[in-house]
Participant: 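Mind looking over this structure? Questions follow.
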Amino acid sequence: MALSEQEIVRRDNLRQLQELGINAFPHELVPVTHLTATLKAEYKDEAPELLKDVCIAGRLMAIREAGKAVFAEVQDSSGRLQIYVRRDDICAGEDKTLFDKVLKKLTDIGDYISVSGYMFRTKMGEISLHVTSFTFLSKALRPLPIVKKDKDGNIYDAFNNPELRHRQRYVDLTVNAEIKKTFLMRNKLIRSMRAFFDSHDWLEVETPILHPVHGGASARPFSTHHNALDMGLYLRIANELYLKRLIIGGFDGVYEIGRMFRNEGMSYKHNPEFTSMEIYVAYKDYVWMMAMTEELLAYICTQLHNRTAIEIEGHTIEFGGEYAKMSMFESIEKYTGHDLTGKSEEELRQICRELKIGVDNTMGVGKLVDEIFSAKVEKNLIQPTFITDHPLEMTPLAKKHRSKEGLVERFELFVLGKEIANAYTELNDAIDQRERFEHQLELAKRGDDEAMALDEDFLRAMEYGMPPMSGLGIGIDRLTMLMSNQHSIQEVLFFPQMRPETKNEVTE
RNA sequence: GAUCUUGUAGCUCAGCCGGUAGAGCAUUUGACUUUUAAUCAAAGGGUCUCGGGUUCGAAUCCCGACAGGAUCACCA
């Protein structure tokens, strides 16, 4: 791959540095005393002497030359600070090489440097570091995109090509300071969720990612192979069946925040690997779980936004208090006028045709109801709403409803038309569970390629006795999108999955 | 997987009624010891994603491939 003019210049600058005896990649510890944000916060005009002998390190992100002085900006993890370098300050004697050559010619934007000196405020009012010495820390061989911002906050030449931003997230993070906030918020969301669960003494656990049987969800898995065992394995599509085994083993509450893998299409809301949180608590039912979910989301939202509500897409979403509750059939009746209670498969198919919803022959009762719900109801559920009591057929791991024939005790939480959480009163009758799995096998024979596989060991575990319990799953990426007002899942993943680059950009 | 759409300099974009490329920033050279989208003067930089086709001639029109985005399908 031929080097661009700017890459050649930078390599040549590196060579010249080395010829001057300057190590462009030194080993020594950098005596950093402050973050730039700390310096700005602690600087006081009336007592500037409190901040002398300070040292910062970071990337050089802007240079403004003014003859025998240079203004530049150094960016560290906390932000940017202007530095002011006067030739006579760093080159006291006759030899002006350090200023004229090393700083002005051989140091490029993107290079890492450390500078020390004292803090002051410029004529223009900017808190700055007056440099008395500077050290080269690392040479950048490629030019960074230069994003400029004026004093009104207008951005010029933004680095905004999504392909480049996602493929080269390191560049994105370097030049687009604000995107870091989303990832910090994601981290805070997970930490606050963990803190909430830990405060209830529920145990965080880790379960296998390599599964001999793919179960716990309806999705197509990735396949892999273990050489020594010479056996096929799947990357997990869900961890539900393992977490339940742990409750069977005697824990009161277990949760796992981890990566799931589904071999399906990609879109602005689907990545092949995504992070889910699943929690199971013994002796609880789905009614209890609804209340717990309300508390959890109110807590998380408060941790992130200092209030229980968020503003998004022109709506104020309120996570405090009790959420609206509707059974799935009630919601369908509300938005389509059709009462599906007791309807046969053929009748449902007819309703789908009336509503102009595409159906095919592999779809059973559960799937047909789900199609109607997805097409007609979901998008209307803006404020947090629990949709409860789904058809038995589409939910093979949930307990039959205590009073409603043909339904299970399940809820899904919808916010802004999107599913955020999914929970059941878990099925703990092993005989019923076996029948449900067998029904899934029939669906699979009919051509439903997402039907669940039968897990013999899971049935065996349940046959030893499983306490009543409720389980909840939350998509962390989706929740982060909601909480951070991001439209695309790629904006909440550091490294979203991309097709391979065709240009041999990476190979040198 | 389907539909629509985009791909031009390191980055952001113009050029697209066909006549072999432009701007701003970045880069190079020079000036400037308080600048901040620094400024001023000058210069260099492109296999116009790739492959075909139409044409005397293609960045531009047509077909295909590759990659991205949006929407849909599926799901979390």
Side-chain angles (χ1 to χ4, degrees), chain A residues 2-10 12-13 61-73 80 82-91 99 105 108-110 120-126 128 130 140-168 171 175 217-220 237-238 259-278 358 367 370-371 374-375 412 418-422 449-450 473-479 481 487-490 496 498-503 505:
Chain A
L3 296 177
S4 70
E5 180 198 11
Q6 295 191 49
E7 289 173 305
I8 292 167
V9 167
R10 280 152 188 268
D12 190 55
N13 288 348
M61 293 301 285
I63 305 176
R64 294 182 285 277
E65 292 182 13
K68 295 175 185 63
V70 162
F71 288 88
E73 288 175 24
R80 287 190 192 185
Q82 175 169 274
I83 64 171
Y84 173 55
V85 189
R86 252 186 348 196
R87 188 168 80 169
D88 297 341
D89 293 332
I90 65 165
C91 299
F99 184 87
K105 298 290 178 196
D108 295 301
I109 287 174
F120 75 114
R121 189 184 287 273
T122 65
K123 257 189 347 204
M124 302 298 285
E126 178 138 348
S128 308
H130 192 128
L141 297 178
R142 289 173 185 260
L144 286 170
I146 309 294
V147 179
K148 296 207 172 189
K149 200 160 128 183
D150 68 19
K151 50 183 169 296
D152 298 323
N154 300 312
I155 291 179
Y156 302 84
D157 302 318
F159 178 63
N160 58 12
N161 179 326
E163 179 172 2
L164 291 177
R165 286 186 48 235
H166 298 147
R167 283 194 199 280
Q168 298 178 239
V171 174
V175 304
S218 306
R220 281 187 292 164
I237 57 173
R259 212 69 62 81
M260 304 298 153
F261 307 85
R262 298 194 181 175
N263 207 339
E264 291 169 345
M266 288 160 56
S267 76
Y268 69 97
K269 43 182 175 172
H270 297 88
N271 197 63
E273 52 184 294
F274 64 97
T275 302
S276 91
M277 187 293 302
E278 294 224 10
K367 192 92 176 170
D370 192 43
E371 290 290 322
S374 305
E412 289 177 290
K418 298 182 184 80
E419 186 194 334
I420 293 299
N422 183 22
D449 59 359
E450 290 179 349
I474 292 179
I476 296 291
D477 312 285
R478 297 274 176 87
L479 186 61
M481 287 162 67
H487 175 70
S488 165
I489 196 169
Q490 299 180 109
M498 305 283 273
R499 288 191 164 82
E501 289 179 79
T502 44
K503 298 172 194 170
E505 175 68 18

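Throughout, a chain's letter reflects where its sequence line sits, starting with A, and its residues are numbered from 1.
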Participant: For residues A/Arg167 and A/Pro500, report the shortest heavy-atom separation together with the two atoms involved.
Facilitator: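 Of all heavy-atom pairs spanning A/Arg167 and A/Pro500, the closest is NH1-C, 4.1 Å.
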
Participant: Can a donor-acceptor pair be found, under 3.5 Å and without considering hydrogens, that links the side chain of A/Asn161 to the backbone of A/Glu163?
Facilitator: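 A pair under 3.5 Å: yes.
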
Participant: On the nucleotide B/rU35, are OP1 or OP2 found under 4.0 Å from the side-chain N or O atoms that A/Arg64 carries?
Facilitator: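 Checking A/Arg64 against B/rU35: no side-chain N or O falls below 4.0 Å of OP1 or OP2.
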
Participant: Could you tell me whether A/Ser267 contacts a base, only the sugar-phosphate backbone, or nothing, with contacts defined as non-hydrogen atoms closer than 4.0 Å?
Facilitator: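 Contact class for A/Ser267: base.
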
Participant: Round to the nearest Å and state the distance from A/Asp157 atom CG to B/rA37 atom C1'.
Facilitator: 9 Å

Participant: Using both distances under 3.5 Å as the test, list the Watson-Crick or G-U wobble partner of B/rU28, or none.
Facilitator: B/rA42

Participant: Could you check whether A/Phe120 gets within reach of a base, just the sugar-phosphate, or nothing at all, counting any heavy atom under 4.0 Å?
Facilitator: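 Since a base atom lies under 4.0 Å of A/Phe120, the category is base.
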
Participant: If you check the A/Leu164 side chain, which of B/rU35, B/rC11, B/rG69 turns out closest?
Facilitator: B/rC11

Participant: Counting side-chain heavy atoms from C-beta on, which of B/rA73, B/rU34, B/rA70 comes nearest to A/His487?
Facilitator: B/rA70

Participant: With the side chain of A/Met498 defined as its heavy atoms from C-beta on, choose the nearest nucleotide among B/rC75, B/rG68, B/rU34.
Facilitator: B/rG68

Participant: Paired with B/rA2 by Watson-Crick or G-U wobble geometry, both distances under 3.5 Å: which nucleotide is it?
Facilitator: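 Base partner found: B/rU71.
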
Participant: Looking at A/Arg64 and A/Phe71, would you say the former's side chain and the latter's main chain have a donor-acceptor pair under 3.5 Å?
Facilitator: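 Not at all, since once roles are kept as given, no pair shorter than 3.5 Å links the two residues.
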
Participant: Using the closest heavy atom to pick a nucleotide of RNA chain B for each, name whichever of A/Tyr84 or A/Arg10 lands nearer the 5' end.
Facilitator: A/Arg10

Participant: Does B/rU12 have its OP1 or OP2 closer than 4.0 Å to a side-chain nitrogen or oxygen of A/Lys148?
Facilitator: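 Looking at the OP1 and OP2 atoms of B/rU12, neither is under 4.0 Å from any side-chain N or O of A/Lys148.
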
Participant: Taking B/rA21 as the reference, what is the distance to B/rU28 when you measure between their P atoms (whole Å, please)?
Facilitator: 26 Å

Participant: Tell me the interatomic distance from A/Phe159, atom CZ, to B/rC13, atom C1', rounded to whole angstroms.
Facilitator: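 That distance rounds to 15 Å.
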
Participant: Can you tell me how far P of B/rC75 sits from CD1 of A/Ile420, to the nearest Å?
Facilitator: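 A/Ile420 atom CD1 is separated from B/rC75 atom P by 17 Å.
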
Participant: Could you give the distance separating B/rG44 and B/rU5 at their C1' atoms, to the nearest angstrom?
Facilitator: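 Each nucleotide's C1' atom is 35 Å from the other's.
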
Participant: Under a 3.5 Å cutoff, is there a donor and acceptor pairing between the side chains of A/Arg142 and A/Gln6?
Facilitator: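 Their side chains do not contain a donor-acceptor pair, so the 3.5 Å distance test is not met.
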
Participant: Between atom CZ in A/Phe99 and atom C1' in B/rC32, what is the gap in whole Å?
Facilitator: 11 Å

Participant: Verify side chain to side chain contact (heavy atoms under 4.5 Å, CB included) between A/Tyr84 and A/Thr122, making sure each step is shown before the conclusion.
Facilitator: CA-CA 9 Å; A/Tyr84 173 55; A/Thr122 65; 5.6 Å; no

Participant: By a 5.5 angstrom centroid cut-off and a 30 degree plane limit, is there stacking between A/Tyr156 and B/rA37?
Facilitator: yes

Participant: Could you check whether A/Asn160 gets within reach of a base, just the sugar-phosphate, or nothing at all, counting any heavy atom under 4.0 Å?
Facilitator: sugar-phosphate

Participant: B/rA26 base to A/Gln6 side chain: any donor-acceptor pair below 3.5 Å?
Facilitator: yes

Participant: In the structure shown, which nucleotide is the Watson-Crick or G-U wobble counterpart of B/rU54, with both distances under 3.5 Å?
Facilitator: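 Because no pair has both required distances under 3.5 Å, B/rU54 counts as unpaired.
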
Participant: Does the B/rC75 base have a donor-acceptor partner in the side chain of A/Arg478 within less than 3.5 Å?
Facilitator: yes

Participant: Report yes if at least one side-chain N or O of A/Arg167 is closer than 4.0 Å to OP1 or OP2 of B/rG68; otherwise report no.
Facilitator: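 Answer yes for this pair, as a side-chain N or O of A/Arg167 is under 4.0 Å from OP1 or OP2.
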
Participant: Please evaluate residues A/Glu73 and A/Ile83 with respect to the criterion side chain to side chain contact (heavy atoms under 4.5 Å, CB included), reporting the C-alpha separation (whole Å), side-chain torsions for both, the decisive distance (0.1 Å), and the verdict.
Facilitator: CA-CA 6 Å; A/Glu73 288 175 24; A/Ile83 64 171; over 6 Å; no

Participant: Between B/rU28, B/rC25, B/rG44, spot the one nearest the side chain of A/Ile146, thanks.
Facilitator: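 When the side chain of A/Ile146 is considered, B/rC25 is the closest of B/rU28, B/rC25, B/rG44.
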
Participant: If you assign A/Ile109 and A/Glu371 each to the RNA chain B nucleotide with the nearest heavy atom, which residue ends up on the more 5' nucleotide?
Facilitator: A/Ile109

Participant: Strictly distance-based, threshold 3.5 Å: is any side-chain N or O of A/Asn263 a donor or acceptor partner for the main-chain N or O of A/Arg220?
Facilitator: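 Answer holds: no.
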
Participant: Could you tell me the separation between the CZ atom of A/Arg121 and the P atom of B/rU34, rounded to a whole number of Å?
Facilitator: 19 Å

Participant: Could you give the distance separating B/rC66 and B/rG51 at their P atoms, to the nearest angstrom?
Facilitator: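 Between the two P atoms, the distance is 15 Å.
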
Participant: Apply side chain to side chain contact (heavy atoms under 4.5 Å, CB included) to the pair A/Arg165 and A/Gln490, showing each step before the final yes or no.
Facilitator: CA-CA 10 Å; A/Arg165 286 186 48 235; A/Gln490 299 180 109; over 6 Å; no

Participant: Can you check whether any acceptor in the base of B/rU35 is under 3.5 Å from a donor in the side chain of A/Glu65, or vice versa?
Facilitator: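 Side chain to base: no pair present.
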
Participant: Could you tell me whether A/Asn161 contacts a base, only the sugar-phosphate backbone, or nothing, with contacts defined as non-hydrogen atoms closer than 4.0 Å?
Facilitator: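 It contacts sugar-phosphate atoms only.
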
Participant: For the C1' atoms, the ones on B/rG1 and on B/rU20, what distance do you get once it is rounded to whole angstrom?
Facilitator: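 My reading of the C1' atoms in B/rG1 and B/rU20 gives 40 Å.
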
Participant: Given atom NZ of A/Lys105 and atom P of B/rA31, what is their separation to the nearest angstrom?
Facilitator: 8 Å

Participant: Closest to the A/Gln490 side chain: B/rU36, B/rG69, B/rA73?
Facilitator: B/rG69

Participant: Could you measure between the two P atoms, the one in B/rG7 and the one in B/rC63, and give it in whole Å?
Facilitator: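 It works out to 16 Å between them.
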
Participant: Examine the side chains of A/Asn13 and A/Asp108 and answer whether a donor and an acceptor come within less than 3.5 Å of each other.
Facilitator: yes

Participant: Would you indicate what A/Gly475 reaches in the nucleic acid, counting non-hydrogen atoms under 4.0 angstrom: base, sugar-phosphate, or nothing?
Facilitator: nothing

Participant: Identify the nucleotide, in any strand shown, that forms a Watson-Crick or G-U wobble pair with B/rC66, with both distances under 3.5 Å; if there is none, say none.
Facilitator: B/rG7

Participant: Tell me whether A/Tyr268 is stacked on the nucleobase of B/rG69, counting only the six-membered base ring and applying the 5.5 Å and 30° thresholds.
Facilitator: no

Participant: OP1, OP2 of B/rA67 versus side-chain N and O of A/Arg499: anything below 4.0 Å?
Facilitator: yes

Participant: Just to confirm, is there a sub-4.0 Å distance from OP1 or OP2 of B/rA76 to any side-chain nitrogen or oxygen of A/Asn271?
Facilitator: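 No, no such contact exists.
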
Participant: For A/Ser374 and A/Glu371, test the side chains for any donor-to-acceptor distance below 3.5 angstrom and give the result as yes or no.
Facilitator: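 Side-chain D/A pair, A/Ser374 to A/Glu371: absent.
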
Participant: Please report the distance separating the P of B/rG57 from the corresponding atom of B/rG18, rounded so that it comes out in whole Å.
Facilitator: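 My reading of the P atoms in B/rG57 and B/rG18 gives 15 Å.
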
Participant: Would you please confirm or rule out a distance under 4.0 Å between OP1 or OP2 of B/rA76 and any side-chain N or O of A/Arg262?
Facilitator: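 Affirmative; the distance criterion is met.
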
Participant: Measure NE2/A/His270 against C1'/B/rA76 and give the value in whole Å, please.
Facilitator: 6 Å

Participant: Nearest to the side chain of A/Lys68, heavy atoms from C-beta on, is which of B/rU36, B/rC32, B/rG10?
Facilitator: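 Side chain of A/Lys68 sits closest to B/rC32.
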
Participant: Please pick, from B/rU27, B/rU12, B/rC74, the nucleotide with the shortest atom-to-atom distance to any side-chain atom of A/Glu264.
Facilitator: B/rC74

Participant: Using a 4.0 Å heavy-atom cut-off across all strands, classify A/Lys418 as base, sugar-phosphate, or nothing.
Facilitator: nothing

Participant: Paired with B/rA59: which nucleotide, if any, by Watson-Crick or G-U wobble criteria at under 3.5 Å for both distances?
Facilitator: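 Across all strands, not a single nucleotide pairs with B/rA59.
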
Participant: The side chain of A/Thr122 lies closest to which of these nucleotides: B/rU36, B/rU27, B/rA38?
Facilitator: B/rU36

Participant: Please give, in whole Å, the distance from B/rU35 P to A/Glu73 CD?
Facilitator: 15 Å

Participant: Quantified in whole Å, what is the P atom distance between nucleotide B/rG10 and nucleotide B/rG45?
Facilitator: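 The answer is 13 Å between these two P atoms.
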
Participant: Please give the distance between the C1' atoms of B/rA59 and B/rU8 as a whole number of Å.
Facilitator: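 Pairwise C1' distance, B/rA59 against B/rU8, rounds to 7 Å.
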
